[in-house]
Amino acid sequence: KETFEGHQVLRIIPISEVQINLLKELSKQDHLLLDFWTEPIHDSLAVDVRVPFHSLQAVRAFLGYHEIHYEIMIHDLQDLMDEEQREMMKSRA
Amino acid sequence: SQPRTTDGYDYASYHTFSEITSFMDMLVQEKPNFVSKLVIGKSYEGRPLNVLKFSTGANRPGIWIDTGIHAREWVTPASGTWFAKKIVSDYGHDTVLTAILDKFDIFLEIVTNPDGFHFTHTSNRMWRKTRKPNDGSICVGVDANRNWDAGFGGAGSSNNPCSETYRGPSAHSEPEVKAIVDFVKSHGNLKAFVSIHSYSQMLLYPYGYTRTPCKDQAELDELAKKAVTDLKSLYGTNYKYGSIINVIYQASGGTIDWTYNQGIKYSYTFELRDTGRYGFMLPANQIIPTAEETWLALMAIMEHTKNNPY
């Protein structure tokens with residue numbers, strides 16, 4: 001079973017077309033294995049992206065360098081999944 | 001631990017495909033003259049594509065609702081289950097729903113992508129696509145919401161089998177999509193088609209593959225406004241609404257573009273609620289509020305469909 005320890009979901013708030021284009025460039029970096037939950041389209045929509053642990057430093061550095069604002073929406077995805085499983089087991093019990 | 005009746009089913013919890021199937025069977029057993037289960041096809045891995053039919057008479061026009069075409073959007077099949085129980089509970093008590101069901105059948109496909117849904121429960125919670133292998137690629141599955149014959153292959157879909165928006169080798173290549181296509185064509189009298197996704201709080205109408213407005217845009221926009229206003233009245237949840245291409249992005253091969261082009265005027269797609277903190281991991285305690293508020297919007301669409309025959 002695939003697990004997601006250390007994966008974070010970042011909510012990125014782009015404020016310009018330039019930042020949207022930068023995020024599109026980021027999304028093409030296949031080696032980072034990013035999973036865009038909502039894609040960079042225009043600056044009225046936040047961009048949510050799941051970032052594997054091994055890519056966190058690179059992504060944060062990229063966002064910081066380009067002064068693109070973001071917040072951490074989910075600190076550890078696996079924690080939420082474990083909680084979801086516990087809830088399901090509790091419900092069955 | 002299986003509940004014996006649909007009253008004992010825990011609507012505020014997430015369930016597996018087999019649990020949802022058992023729920024459907026219970027509902028049919030409890031209301032055999034009102035609810036039936038149609039199997040409109042089989043998934044790639046051989047799971048039944050179950051559709052609940054709510055009907056109070058013969059030869060009625062139909063309203064279609066589907067949930068869960070993207071596997072990881074768990075709140076959609078959970079809401080679909082709640083809708084099914086709501087329809088049974090409210091028929092004969094709620095005058096608006098009763099009037100709708102006295103004229104229309106309602107078809108509800110709760111798990112549109114059962115292989116993917118099963119995979120999210122057993123192997124990868126973040127899986128989105130179907131589970132059919134792709135020739136010549138190690139990557140599995142197709143984005144079933146890019147696989148329809150409406151601008152198929154255009155911008156806003158991918159030809160890379162490893163992409164999350166891989167459109168598939170040809171339109172309707174996925175059995176999960178083809179089954180709905182065949183059902184829609186053979187029924188021939190669906191008047192509304194609502195495909196439900198999550199998350200990001202949107203109610204959208206055609207088109208996604210072209211910037212050309214659909215010919216009913218003014219009416220669809222007005223109805224969307226009414227639907228999201230009704231939805232908001234319950235918990236204050238804000239929805240955006242508009243055409244897919246204007247509100248989100250260009251997306252080719254999408255479900256409701258195809259259904260609209262088939263002549264189903266009231267074709268809509270939802271993106272259900274997000275509390276702003278969880279995305280696809282919406283906690284189970286959010287299922288019922290999500291379903292409750294969405295139901296109000298669905299009722300607005302269904303009632304308008306009833307009142308505006310075409």
Side-chain angles (χ1 to χ4, degrees), chain A residues 1-14 17 20-21 23-24 27-53 70-93, chain B residues 1-3 8-16 18-19 70 72-75 78 119-129 139 156 158 160 162-165 197-202 240 242 244-251 271 274-287:
Chain A
K1 189 165 188 172
E2 190 164 344
T3 57
F4 298 85
E5 282 94 358
H7 289 221
Q8 292 191 342
V9 180
L10 306 183
R11 173 154 287 186
I12 303 169
I13 321 288
E17 194 61 31
I20 290 289
N21 288 332
L23 292 173
K24 284 179 178 169
S27 72
K28 290 175 188 161
Q29 306 296 315
D30 290 342
H31 66 284
L32 295 174
L33 297 176
L34 304 181
D35 172 17
F36 278 81
W37 288 11
T38 58
E39 300 196 20
I41 305 301
H42 46 77
D43 53 20
S44 66
L45 295 174
V47 177
D48 295 343
V49 57
R50 172 171 62 86
V51 185
F53 179 73
Y70 70 95
E71 48 201 58
I72 302 171
M73 188 167 92
I74 296 174
H75 281 265
D76 188 324
L77 190 60
Q78 190 60 43
D79 281 351
L80 275 184
M81 290 181 182
D82 293 343
E83 179 61 28
E84 194 175 63
Q85 281 300 311
R86 276 194 295 275
E87 287 287 323
M88 286 178 71
M89 297 306 290
K90 201 168 105 185
S91 164
R92 288 197 183 98
Chain B
S1 64
Q2 288 282 332
Y9 188 85
D10 187 358
Y11 296 90
S13 178
Y14 291 116
H15 294 271
T16 62
S18 63
E19 288 168 346
H70 287 150
R72 63 189 176 184
E73 298 171 3
W74 278 13
V75 74
F119 197 68
T120 62
H121 277 271
T122 54
S123 299
N124 180 345
R125 174 67 181 86
M126 286 294 108
W127 191 257
R128 162 189 165 96
K129 298 190 284 185
C139 295
S158 172
N160 175 2
C162 296
S163 163
E164 292 288 2
T165 56
H197 294 241
S198 72
Y199 63 103
S200 58
Q201 297 175 197
M202 295 174 185
K240 290 176 192 267
I244 297 168
I245 197 166
N246 284 329
V247 175
I248 315 185
Y249 46 68
Q250 186 167 19
E271 294 281 351
D274 167 25
T275 61
R277 295 170 60 194
Y278 298 104
F280 298 118
M281 300 300 297
L282 200 66
N285 64 15
Q286 295 287 310
I287 295 171

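Because only heavy atoms are used, hydrogens play no part in the values below, and waters and symmetry mates are left out as well, while side chains stay in. Each chain gets a letter, A, B and so on, in the order the sequences are listed, and its residues count up from 1.
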Engineer: Does a salt bridge link A/Glu2 with B/Arg125, judged by any charged N lying under 4.0 Å from a carboxylate O?
Structural biologist: no
Engineer: Check whether any side-chain heavy atom of A/Glu39 lies under 4.5 Å from a side-chain heavy atom of B/Glu164, and answer yes or no.
Structural biologist: no
Engineer: Roughly how far, to the nearest 0.5 Å, is OG of A/Ser91 from OH of B/Tyr9?
Structural biologist: 8.5 Å
Engineer: Should B/Asn124 and A/Phe4 count as side-chain neighbours, where that means a heavy-atom distance under 4.5 Å?
Structural biologist: yes
Engineer: side-chain contact (heavy atoms from CB on, under 4.5 Å), that's the test. Do A/Met88 and B/His15 meet it? Break it down for me.
Structural biologist: CA-CA 7 Å; A/Met88 286 178 71; B/His15 294 271; 5.7 Å; no
Engineer: Can you check whether A/Glu87 reaches B/Tyr14 side chain to side chain, under 4.5 Å on heavy atoms?
Structural biologist: no
Engineer: Do the non-hydrogen side-chain atoms of A/Trp37 and B/Met126 ever get within less than 4.5 Å of each other?
Structural biologist: yes
Engineer: So which of A/Asp48, A/Ile74, A/Ile41, A/Asp30 has the largest heavy-atom pair count under 4.5 angstrom toward chain B?
Structural biologist: A/Ile41
Engineer: What residues form a salt bridge (Lys or Arg N to Asp or Glu O under 4.0 Å) with A/Arg50, not counting sequence neighbours?
Structural biologist: A/Asp35
Engineer: Can A/Arg11 and B/Asp274 be counted as an ion pair, charged N to O under 4.0 angstrom?
Structural biologist: yes
Engineer: Which heavy atom in B/Lys240 sits nearest to a heavy atom in A/Ser44, and how many Å separate them?
Structural biologist: NZ-O, 4.0 Å
Engineer: What do the steps show when you test B/Tyr278 against A/Glu84 for side-chain contact (heavy atoms from CB on, under 4.5 Å), and what is the final call?
Structural biologist: CA-CA 12 Å; B/Tyr278 298 104; A/Glu84 194 175 63; over 6 Å; no
Engineer: Considering only heavy atoms from C-beta outward, does the side chain of A/Leu45 approach that of B/Met202 to under 4.5 Å?
Structural biologist: yes
Engineer: For a 4.5 angstrom cut-off between non-hydrogen side-chain atoms, does B/Thr122 reach A/Lys1?
Structural biologist: no
Engineer: Counting only heavy atoms closer than 4.5 Å, note whether B/Arg128 contacts chain A via side chain, backbone, both or neither.
Structural biologist: neither
